[in-house]
Amino acid sequence: MAWLEQKSSGNFLVAFRYGEQKFKKSLKTKSRQTAETRLRRLEENLSLVEVGRLVIPTDADIATFLLSDGQINGRPQPRSTIRTLKNLCDAFKYAIPDGSLEANTLDYLDIHIRHLKRHMGANASIRDLQLDDLQAYVDARAKEPGIRGKKLSPTTIRKEIATLRLIWNWARDANHFERVLPQKGLRYPKLQEKPPFQTREQIERKIARGGLNEAAEADLWDCLFLTLPEIDEVLSHVEKVARHPFIYPMFVFAAHTAARRSEMIRSQWEDIDLAAGTVTIREKKRVRGTLTTRTVPISPLLQSVLEEWMSAHPGGQQTFCLEPNVARSRKERDLATPLTPSEAHDHFQTTLGGSKWEKIRGWHLFRHSFCSNCAAKGIDQRIINGWVGHQTEAMVRRYRHLIPNQQQAAIRTVFSQSAGEESAAPEPPGPA
């Protein structure tokens, strides 16, 4: 079965099924008559294949072979078993070296691949992929629901296409095929800049005005950052209710170093130099394919907490870990073991659950709170970037603001005089 399709550019392409796969091939013509002639030729050759009078070589591009009456015209195609989207994704995942990607990165990779297969078809011919196919994918995903009843974020769609581009470029580098991913001209829904981080007081004031649904309120809480007194209050609460010895030190570590959850899980005692007052953070995100580090000074509170935790540590290399015998745990441990991402998240939620801080969604809040408070204290942006690692300009804009009471103090220094009264001219400097 074969049929014609016309792209938005006016060019025709032929589509057909062979075996369990669907193929598409651009005919590079806007003439319907020419396209129908080529369609009949392909249908005739498909009939010859079915009766065994024409045999498709294993290394041939099937669509090109059938359209050229059994002759492989044009540039020879690379010898490769990769013909479908499923083949491509499976080969890429098989080639990933152990330990080269974070566990959560692999999880997101799997999620993106599932969506690509769901919309484009696992058996879609990867060699016949066109810009129109990618645009159809973007348009379809843009209509699907995201979290909290909203449409899917354009950022998520861009990340999925970026995953396909990553896989595609790997296949080109491995000589499975030659052409680039046909993404030039791809149109995405408009992005909406995320709002700046806000204090708890600002968020509660907006919610108190009413008119917000549950999803809108949740979006506001995503923008929460904690002031320094609030951080102290959270840490005081954690110290009182923590169910395991590692929890309070891990909270202080997050709040006073801006370390990500994955960085705290990787942290080892050899990274902490209490004598020098520094901690080395093991990074995996700043430079692709390279394990990098950054150094953060240890605050007095973190120094004392780490010293106390070191004396009670159950052993092993990891800075933060669970003791071997955890009550009511479904996991059996002979030794102290590193935390998994899900364990770190669960302990975070359990520790803050039922308190006034239960709206905090995860460890990352301490990271942007750290940045916001450093910026509010006038710390040079280059120093902040060095402490927390590389940041995008968009993220810097979200926290690069003064805390509200400091904003008021700043504006009063500008408009401190009554309306219409001219500012006094500054006195000229005296003689040196």
Side-chain angles (χ1 to χ4, degrees), residues 195-208 217-265 267 272 279 281 296-310 312 319-322 339 341-377 379 384 387-389 395 398-406:
F197 295 117
Q198 302 169 55
T199 64
R200 181 186 182 92
E201 180 182 346
Q202 289 173 304
I203 293 172
E204 289 178 338
R205 188 164 58 243
K206 291 180 180 180
I207 293 175
E217 290 185 8
D219 287 341
L220 279 176
W221 286 115
D222 284 345
C223 301
L224 173 67
F225 87 92
L226 301 180
T227 62
L228 291 174
E230 288 173 330
I231 289 175
D232 291 340
E233 188 177 342
V234 171
L235 295 180
S236 177
H237 168 79
V238 171
E239 186 177 20
K240 294 175 183 176
V241 304
R243 297 181 180 179
H244 300 282
F246 78 90
I247 291 178
Y248 177 60
M250 193 168 177
F251 267 84
V252 177
F253 193 95
H256 285 228
T257 67
R260 300 177 176 92
R261 180 183 66 184
S262 61
E263 293 168 344
M264 292 191 290
I265 291 173
S267 176
I272 299 172
V279 57
I281 306 293
V296 184
I298 298 176
S299 68
L301 174 62
L302 182 58
Q303 175 96 12
S304 63
V305 169
L306 288 176
E307 288 175 350
E308 184 176 350
W309 168 230
M310 186 177 289
T319 304
F320 306 106
C321 59
L322 281 163
L339 295 166
S342 61
E343 286 174 337
H345 177 74
D346 289 345
H347 285 294
F348 183 95
Q349 295 294 327
T350 301
T351 302
L352 299 183
S355 72
K356 62 182 289 187
W357 308 108
E358 65 181 355
K359 296 291 186 180
I360 301 176
R361 296 188 63 196
W363 294 99
H364 216 74
L365 170 124
F366 288 116
R367 181 171 170 82
H368 56 244
S369 295
F370 179 97
C371 296
S372 295
N373 286 301
C374 286
K377 290 293 186 180
I379 303 297
I384 299 174
W387 286 345
V388 303
M395 178 56 70
R398 293 191 70 195
Y399 71 74
R400 189 66 174 150
H401 57 81
L402 298 174
I403 295 175
N405 61 343
Q406 293 175 311

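Quick note: numbers below take in every heavy atom, side chains included, and nothing from hydrogens, waters or symmetry partners. The structure presented is a predicted model; accordingly, all values stated were derived computationally and were not measured. Start at 1 with the first residue, then count along the sequence.
Of all the heavy atoms in V388 and A258, the pair that sits closest is CG1-CB, 3.5 Å. Heavy-atom minimum distance, I384 versus I379: CD1-O, 3.7 Å. Scanning both residues, F197 and S372, for their nearest heavy atoms gives CD1-OG, 4.3 Å. Across every non-hydrogen atom of T227 and N373, the tightest pair is CA-OD1, 3.8 Å. When all heavy atoms are compared, the tightest approach of G362 to Q349 is N-NE2, 4.3 Å. Minimum interatomic distance between C223 and I203 (heavy atoms only, all atoms of both residues): C-CD1, 4.3 Å.
W357 places a side-chain heavy atom less than 4.5 Å from the side chain of E233. The side-chain heavy atoms of V252 and V238, taken from C-beta on, include no pair separated by under 4.5 Å. Within the 4.5 Å cutoff, the side chain of L322 has heavy atoms near those of the H347 side chain. Contact of the V241 side chain with the I247 side chain is not registered, since no non-hydrogen atoms from C-beta on lie closer than 4.5 Å. Between W309 and Y248 the shortest side-chain heavy-atom distance does not fall below 4.5 Å. Between L228 and K377, the closest side-chain pair of non-hydrogen atoms falls below 4.5 Å. Contact check for P297 versus W387: side-chain heavy atoms found under the 4.5 Å cut-off. Side-chain contact check for H256 versus V279: every heavy-atom pair is 4.5 Å or farther apart.
Panel note: side chain H368, backbone L224; a donor-acceptor pair is recorded below 3.5 Å. With T319 contributing its side chain and S267 its backbone, the two residues share a donor-acceptor pair below 3.5 Å. Checking side-chain atoms of E358 against main-chain N and O of G354 turns up a donor-acceptor pair under 3.5 Å. Judged by distance alone, the side chain of H237 and the main-chain N or O of T351 form a donor-acceptor pair under 3.5 Å.
Here NZ of K206 is found 6.5 Å from CD of Q202. Values are rounded to the nearest 0.5 Å. Taking CD1 of I281 as the reference point, atom OG1 of T257 lies at 4.5 Å (rounded to 0.5 Å). Interatomic distance, CZ of F253 versus CZ of F246, reported as 14.0 Å (0.5 Å rounding). Of the inter-residue distances, the one linking H345 atom NE2 with T350 atom OG1 reads 9.0 Å to the nearest 0.5 angstrom. Once rounded to the nearest 0.5 Å, the distance linking CD1 of I360 with CG of D222 reads 12.0 Å. Considering CZ of R261 and CE of M264, their distance stands at 9.0 Å, rounded to 0.5 Å.
Under the side chain to side chain contact (heavy atoms under 4.5 Å, CB included) criterion, E204 pairs with R200, W221, sequence neighbours left out. In terms of the ring pair (Phe, Tyr, Trp, His ring centres under 6.0 Å) criterion, F370 has no residue partners (sequence neighbours excluded).
No more than 12 heavy-atom neighbours from other residues, nucleotides or ligands sit within 6.0 angstrom of CD on E308.
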side-chain contact (heavy atoms from CB on, under 4.5 Å) for L339 and M250? Distances and angles first, verdict last.
CA-CA 11 Å; L339 295 166; M250 193 168 177; 3.7 Å; yes
Is there a side-chain contact (heavy atoms from CB on, under 4.5 Å) between R367 and R260 once you walk through the steps?
CA-CA 7 Å; R367 181 171 170 82; R260 300 177 176 92; 3.0 Å; yes
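Under the 30°/60° scheme for interplanar angles, the aromatic rings of F251 and F366 are found to stand perpendicular.
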